[in-house]
Amino acid sequence: MDKRTRVLAAMNKEKVDHVPVGFWFHFGGEEASGDACVRAHLKYYRETDLDFVKIMCDGYFPFPLPQVRCSADWKKVEPLAKDHPFIKEQVDRAKAIVNEIGKERCVFYNVFAPFSSLRFGAEAVGLDDKTVMAHVRQDRTAVMHALDAIAWSNALLAELLITEAGCDGVYYCVQSGEYDRFLAEEYKAVVAPSDLYVLEHANRFSENNIMHMCGWAGARNRLELWKDYPAKVMNWAVYVEGMGLEEGRGYFGNKTSLGGFETHWDGKVQEGIIYNGTKQELQDYTRELILDHGKRGLMLGGDCTIDARIDRERIRWIVEAARSL
C-alpha cells in the first residue's frame with residue numbers, strides 16, 4: 001500500500017497496512033517564505049519518510065487589515081481578491097510542493113479559522129488580544145462584518161488550494177474556544193458562523209479535510225463547540241484537553257482521529273516523550289497507541305506543531321514503529 005492509498009484509507013476508516021504518521025513544524029528565517037520554504041518542506045518530508053504532508057502557512061498568519069483603532073473600524077474590512085498576494089502566494093507555495101511530492105503522498109495546507117486570522121491581523125496593526133475582545137463586546141456587529149469578509153477570503157483560499165494547487169484537502173485550524181474567552185452561546189453566535197462558512201466551502205471541493213482544535217499555550221477549550229463540525233478527520237490536543245485517542249473517537253462521532261503525541265514547547269522547554277524518550281520508549285509508546293485504538297480510523301501525529309529543533313531521527317523512530325504493526 002503506497003502512502004497516498006494508506007492515508008486516504010485511514011481517513012475513510014478503511015483497512016490499512018500500517019497506521020499513517022505525520023508531524024509538522026513552523027519554518028523560520030529564510031525557510032519561512034519563497035522557494036526556500038518549498039525546498040525546506042520537501043527536504044523534511046523526504047528525510048523523515050512521513051506518510052502525508054501538512055504545509056505550513058508561515059508568513060501568512062495575519063490577515064491583511066486596514067488600520068483599526070476603534071470597534072467601528074472593523075466595518076472597513078473587505079474580502080480579498082483571488083490575485084491578492086495573501087491568497088496567490090499561498091496557492092503558489094502549495095502548488096510548487098504538490099507538483100514535487102503530491103503523487104507520492106497526500107498534501108494538506110494549513111488554513112486558519114477567521115477569528116484566528118483576525119486576531120493575528122489585529123496584532124500586526126498594533127492591537128492586543130484584550131482590545132480585540134473588548135471590541136467584540138462593544139460592537140459585535142462590526143467585528144462580525146470583519147469575520148464575514150475574512151471567512152469569504154479564507155474560503156476562497158481553501159477552494160484554490162484544492163482546485164488550483166492540487167492539495168488533497170485543508171488542515172483547518174480552529175482556536176479561541178478557551179473557557180475564559182467566550183461563553184459557549186457567545187462563541188456560537190459570534191464565531192461559529194465564520195468557522196463553518198470556511199469549512200463547509202472547503203468540503204464542496206474535497207471530502208478529505210482535517211480539523212485541528214488548537215490547545216495553544218496549554219489552554220483547554222470547550223471542545224463541545226466543535227465536536228459536530230463537518231470534517232473527515234479530527235485532531236485535538238490530547239494532553240491539554242485530557243482526552244485520549246480512544247475517548248476522542250467516541251466523542252467526535254467515530255471519525256478518524258489524528259494525534260496521540262504531546263508536542264508542547266515554549267521556545268525553551270520541550271515537553272513530551274517525542275522529545276525526551278529513548279528510542280525504545282518512543283517506539284513502545286507508538287505501538288501502544290495503535291494497539292489501544294486499533295489500526296482503523298487512526299493517523300498518528302501531534303497535539304500541534306513540533307519544535308523545529310527536534311532531531312529528525314526521532315520522527316523516523318515513530319514511523320518505523322508504526323510500520324512494524
Quick one: do Met1 and Ile101 end up in the same hydrophobic cluster if we chain Ile, Leu, Val, Met, Phe, Trp and Tyr together by side-chain heavy atoms under 4.5 Å apart?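 In one cluster: no.
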
hydrophobic_cluster_shared for Val143 and Leu183, side chain cutoff 4.5 Å: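 Shared cluster, no.
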
Are there over 12 heavy-atom neighbours, none belonging to Gln270, within less than 6.0 Å of that residue's CD?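 Yes.
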
Taking everything shown except Glu281 itself, do over 12 heavy atoms lie less than 6.0 Å from its CD?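 It does: Glu281 CD has more than 12 such atoms within range.
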
Got [X] and [Y] here, is their nearest side-chain heavy-atom distance under 4.5 Å?
X: Phe25; Y: Asp58; answer: no
X: Ile315; Y: Ile306; answer: yes
X: Thr256; Y: Met234; answer: no
X: Ile273; Y: Glu262; answer: no

Ignoring hydrogens and angles, tell me if any N or O in the side chain of [X] forms a donor-acceptor pair with the backbone of [Y] under 3.5 Å.
X: Asn221; Y: Glu178; result: yes
X: Thr163; Y: Glu159; result: yes
X: Ser153; Y: Ala149; result: yes
X: Lys75; Y: Ala146; result: no
X: Thr286; Y: Ala321; result: no

Any Lys/Arg nitrogen of [X] or [Y] sitting under 4.0 Å from an Asp/Glu carboxylate oxygen of the other?
X: Lys227; Y: Glu224; answer: no
X: Arg4; Y: Asp168; answer: yes
X: Arg6; Y: Asp51; answer: yes
X: Asp129; Y: Arg119; answer: yes
X: Lys95; Y: Asp92; answer: no
X: Glu47; Y: Lys43; answer: yes
X: Lys188; Y: Glu185; answer: yes
X: Glu186; Y: Arg137; answer: yes
X: Asp2; Y: Arg105; answer: no

Once rounded to the nearest 0.5 Å, what's the spacing between atom [atom1] of [X] and atom [atom2] of [Y]?
X: Glu320; Y: Leu282; atom1: CD; atom2: CG; answer: 10.5 Å
X: Leu147; Y: Arg140; atom1: CG; atom2: CZ; answer: 11.5 Å
X: Leu156; Y: Lys82; atom1: CG; atom2: NZ; answer: 8.0 Å

Any donor-acceptor N or O pair under 3.5 Å, side chains [X], [Y]:
X: Asn154; Y: Ser117; answer: yes
X: Asn209; Y: Lys232; answer: no
X: Asp284; Y: Gln280; answer: yes
X: Tyr275; Y: Asp307; answer: no

Given Phe61, which of Trp216, Phe86, Phe112 fulfils the ring pair (Phe, Tyr, Trp, His ring centres under 6.0 Å) condition?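 Single pass found, and it is Phe112.
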
Reference residue Phe115; test ring pair (Phe, Tyr, Trp, His ring centres under 6.0 Å); the match among Tyr197, Tyr187, Phe182, Phe63: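 Checked Tyr197, Tyr187, Phe182, Phe63 against Phe115; only one passes ring pair (Phe, Tyr, Trp, His ring centres under 6.0 Å): Phe182.
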
Using 30° and 60° as the class boundaries, would you call the ring planes of Phe108 and Phe52 parallel, tilted or perpendicular?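 Perpendicular: the ring planes of Phe108 and Phe52 meet at over 60°.
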
Students often mix this up, so state it plainly: with edges at 30° and 60°, are the rings of Trp24 and Tyr171 parallel, tilted or perpendicular?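 Taking Tyr171 first and then Trp24, their aromatic rings stand perpendicular (interplane angle over 60°).
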
Determine, step by step, whether Phe27 and His41 satisfy the ring-ring contact (aromatic ring centres under 6.0 Å, His included) criterion, reporting the C-alpha distance in whole Å, the side-chain angles of both residues, the deciding distance to 0.1 Å, and the verdict. CA-CA 8 Å; Phe27 293 92; His41 275 82; 4.4 Å; yes

Ring centres under 6.0 Å, that's the criterion: do [X] and [Y] meet it?
X: Trp236; Y: Phe252; result: yes
X: Tyr285; Y: Phe261; result: yes
X: Tyr172; Y: His212; result: no

Kindly determine whether His135 and Trp74 satisfy side-chain hydrogen bond (donor to acceptor under 3.5 Å, both in side chains), including the steps that lead there. CA-CA 9 Å; His135 286 178; Trp74 290 107; 3.0 Å; yes

